[in-house]
Amino acid sequence: MIPEGRLISTQKRPFALNTRQQVLVGWALLPVLAVWQLNGFYLPVVGRGGALLFWAVDGVQWIVLPAVLLGLLAHSAALRPQHYGLVPPEKNLWPLAGQSLMVFVTAGLVFLVARNLSWRVLGPSPGSFQMAQFFPQGLAGAAVRIYAAVSAGLVESIFFIGLPWLWYSSASQRPSELRFTLAVSAIFALAHWEHGRHGVIVAFFAHGVMCRWFLRWKNLWPVVLGHALIDLAVFA
C-alpha cells in the first residue's frame, strides 16, 4: 500500500543537465554558432578553388565538426541523442511520417509566404553567396542535394533547437518556450545573412515554426525530416 500523502508519480521527468554538463554543452555550441556566422565570408573564397574543394570544406563544417562535438559530449558529459531530442523511433513509423509531413507543410508554407512578402515589400536582395552554382549535374547532383538537405536538417535541428533547449531548460528555473523560440530563431536567421535579407527573414519564421513543433512533441526527428524535405524542395 502507498501511505496516505505520498503519491508516486508515474510520469517520467524530463532530463536536466547538471552544472558541469551545462558548461560542456555551452562550449560545444559555440564553435557551430561561430562557423555558421562566419562561413558566409570564407565559403565564397573556397568556392573559387572549385566545386570539389567547396564540398570538402562543406563536409568538414557539416559532418566532421558536429560529429566531433557530439562525440565529445557523449564521452565527457554522458549525453546521448535522446537527451537532445533524437528519441528512438517506434516500430510504427506512420506517426513520425505524419508529424514530419506537418512540419514540412507548415514551415514550408511560412517559408513561401515570408519569402514572397519580403520580396514585395523590400525588393530584390540576392545576397552575397548562393550554393546552387556548386551542385553538379545528373545523378551526382541529386546525391549532393540529398546530402546537403539531410545534413542541414540534422545538424541545424540539433545545434539550433535540441541542444539549446536542453541547455536553456536546465539552466532556467522557469524556461519560457516563447523567449527560447524567438532567441534561437533570431540566431539561426542571422546565420543566413549571406543569402540576403530575404534569407534572414525566411529563416527566422520557418525556424520559429519548427521550434514550436519540437516543443510540442519533444521529439526532434519530425523537425529533422521536415527540414530536410524543405531544403530538398529549395535545392531542386
Side-chain angles (χ1 to χ4, degrees), residues 9-17 25 29 32 36 62-63 66-67 70 73-74 79-116 142 145-170 172 175-189 191-192 199 201-236:
S9 173
T10 59
Q11 185 177 4
K12 187 177 180 180
R13 294 183 178 180
F15 178 80
L17 301 172
V25 169
L29 288 172
V32 172
W36 260 245
W62 285 95
I63 303 297
L70 293 176
L73 286 178
L79 287 186
R80 300 294 180 263
Q82 60 266 31
H83 294 145
Y84 42 84
L86 294 178
V87 180
E90 300 177 357
K91 291 183 178 179
N92 181 8
L93 295 178
W94 286 111
L96 174 59
Q99 291 174 333
S100 303
L101 184 60
M102 290 174 68
V103 174
F104 171 66
V105 171
T106 54
L109 285 174
V110 168
F111 178 100
L112 291 174
V113 171
R115 184 188 64 181
N116 293 340
R145 284 175 171 84
I146 292 172
Y147 149 76
V150 172
S151 61
L154 181 61
V155 173
E156 290 182 341
S157 296
I158 292 173
F159 284 91
F160 287 89
I161 299 179
L163 278 176
W165 173 252
L166 178 60
W167 181 86
Y168 170 65
S169 62
S170 300
S172 175
S176 166
E177 293 185 354
L178 178 59
R179 284 199 293 267
F180 170 79
T181 299
L182 293 175
V184 294
S185 296
I187 294 170
F188 181 76
H192 291 74
I201 293 170
V202 164
F204 176 82
F205 287 105
H207 192 72
V209 172
M210 290 187 279
C211 281
R212 297 308 298 171
W213 282 124
F214 167 73
L215 293 170
R216 179 183 178 122
W217 295 322
K218 296 300 188 292
N219 186 351
L220 205 56
W221 281 118
V223 175
V224 171
L225 296 174
H227 187 156
L229 288 173
I230 291 172
D231 282 357
L232 271 177
V234 172
F235 296 152

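Numbering of residues begins at 1 and proceeds along the displayed sequence.
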So do the side chains of Val103 and His227 get within less than 4.5 Å of each other, counting heavy atoms only?
no
For Val25 and Leu79 the tightest heavy-atom approach is CG2-CD1, 3.4 Å
Are Phe204 and His192 close enough that some pair of their side-chain heavy atoms sits under 4.5 Å apart?
no
Are Gln82 and Phe15 close enough, and set up right, to give a side-chain contact (heavy atoms from CB on, under 4.5 Å), and what steps lead you there?
CA-CA 9 Å; Gln82 60 266 31; Phe15 178 80; over 6 Å; no
Any side-chain heavy-atom pair from Leu232 and Ile146 closer than 4.5 angstrom?
yes
Nearest 0.5 Å, what's the CZ-CG distance between Phe111 and Asn116?
9.5 Å
Atom pair CG (Leu29) and CG (Leu73), whose distance is rounded to the nearest 0.5 Å:
8.0 Å
Under the criterion side-chain contact (heavy atoms from CB on, under 4.5 Å), I'd like the reasoning laid out for His207 against Ile161: C-alpha separation, chi angles, the key distance, then a yes or no.
CA-CA 9 Å; His207 192 72; Ile161 299 179; 3.5 Å; yes
Kindly compute the distance separating CD (Glu90) from CG (Asn219), expressed to the nearest 0.5 Å.
9.0 Å
Which atoms form the tightest heavy-atom contact between Cys211 and Phe180, and what is the distance?
SG-CE2, 4.5 Å
Where Ala149 and Phe235 come nearest, the two heavy atoms and their spacing:
N-CE1, 3.8 Å
To the nearest 0.5 Å, what is the distance between CG on Leu166 and CG on Leu17?
4.0 Å
Using a 4.5 Å cut-off on heavy atoms from C-beta on, say whether the side chain of Trp221 contacts that of Gln99.
no
Please check this pair: side chain of His83 against backbone of Arg80, looking for a donor-acceptor N/O pair closer than 3.5 Å.
yes
For Ser151 and Ala148, indicate whether the former's side chain and the latter's backbone hold a donor-acceptor pair under 3.5 Å.
yes
Using 30° and 60° as the class limits, which term best fits the ring planes of Trp62 and Trp36: parallel, tilted or perpendicular?
perpendicular
Those residues that, when tested against Trp217, pass side-chain hydrogen bond (donor to acceptor under 3.5 Å, both in side chains) (two or more places apart):
none
Counting C-beta onward and ignoring hydrogens, is there a side-chain heavy-atom pair between Pro222 and Trp213 closer than 4.5 Å?
no
Go through the steps to decide whether Phe160 and Val155 satisfy the test side-chain contact (heavy atoms from CB on, under 4.5 Å), and finish with yes or no.
CA-CA 8 Å; Phe160 287 89; Val155 173; over 6 Å; no
Considering all heavy atoms, the nearest Val150-Ala228 contact
CA-CB, 4.1 Å
Tell me, do Val209 and Leu109 make a side-chain contact under 4.5 Å, heavy atoms counted?
no
Let's go through Phe159 and Leu70 carefully: what are the C-alpha distance in whole Å and the side-chain angles of both, what is the deciding distance for side-chain contact (heavy atoms from CB on, under 4.5 Å) to 0.1 Å, and is it a yes or a no?
CA-CA 10 Å; Phe159 284 91; Leu70 293 176; 3.9 Å; yes
Please examine the side chains of Val113 and Phe205, heavy atoms only from C-beta on, and report whether any two atoms are closer than 4.5 Å.
no
Least distance between heavy atoms, Leu86 atom then Leu154 atom:
CD1-CD1, 4.3 Å
Please round to the nearest 0.5 Å and tell me the distance separating atom CH2 of Trp165 and atom OG1 of Thr181.
8.0 Å
For the student: nearest non-hydrogen atoms of Leu178 and Arg212, plus distance
N-NH1, 4.1 Å
At what distance, to the nearest 0.5 angstrom, does CG of Leu101 lie from CG of Leu96?
11.0 Å
Does some side-chain heavy atom of Tyr168 sit less than 4.5 Å from a side-chain heavy atom of Ser172?
yes
Not counting sequence neighbours, which residues clear ring pair (Phe, Tyr, Trp, His ring centres under 6.0 Å) with Tyr84? List them please.
none
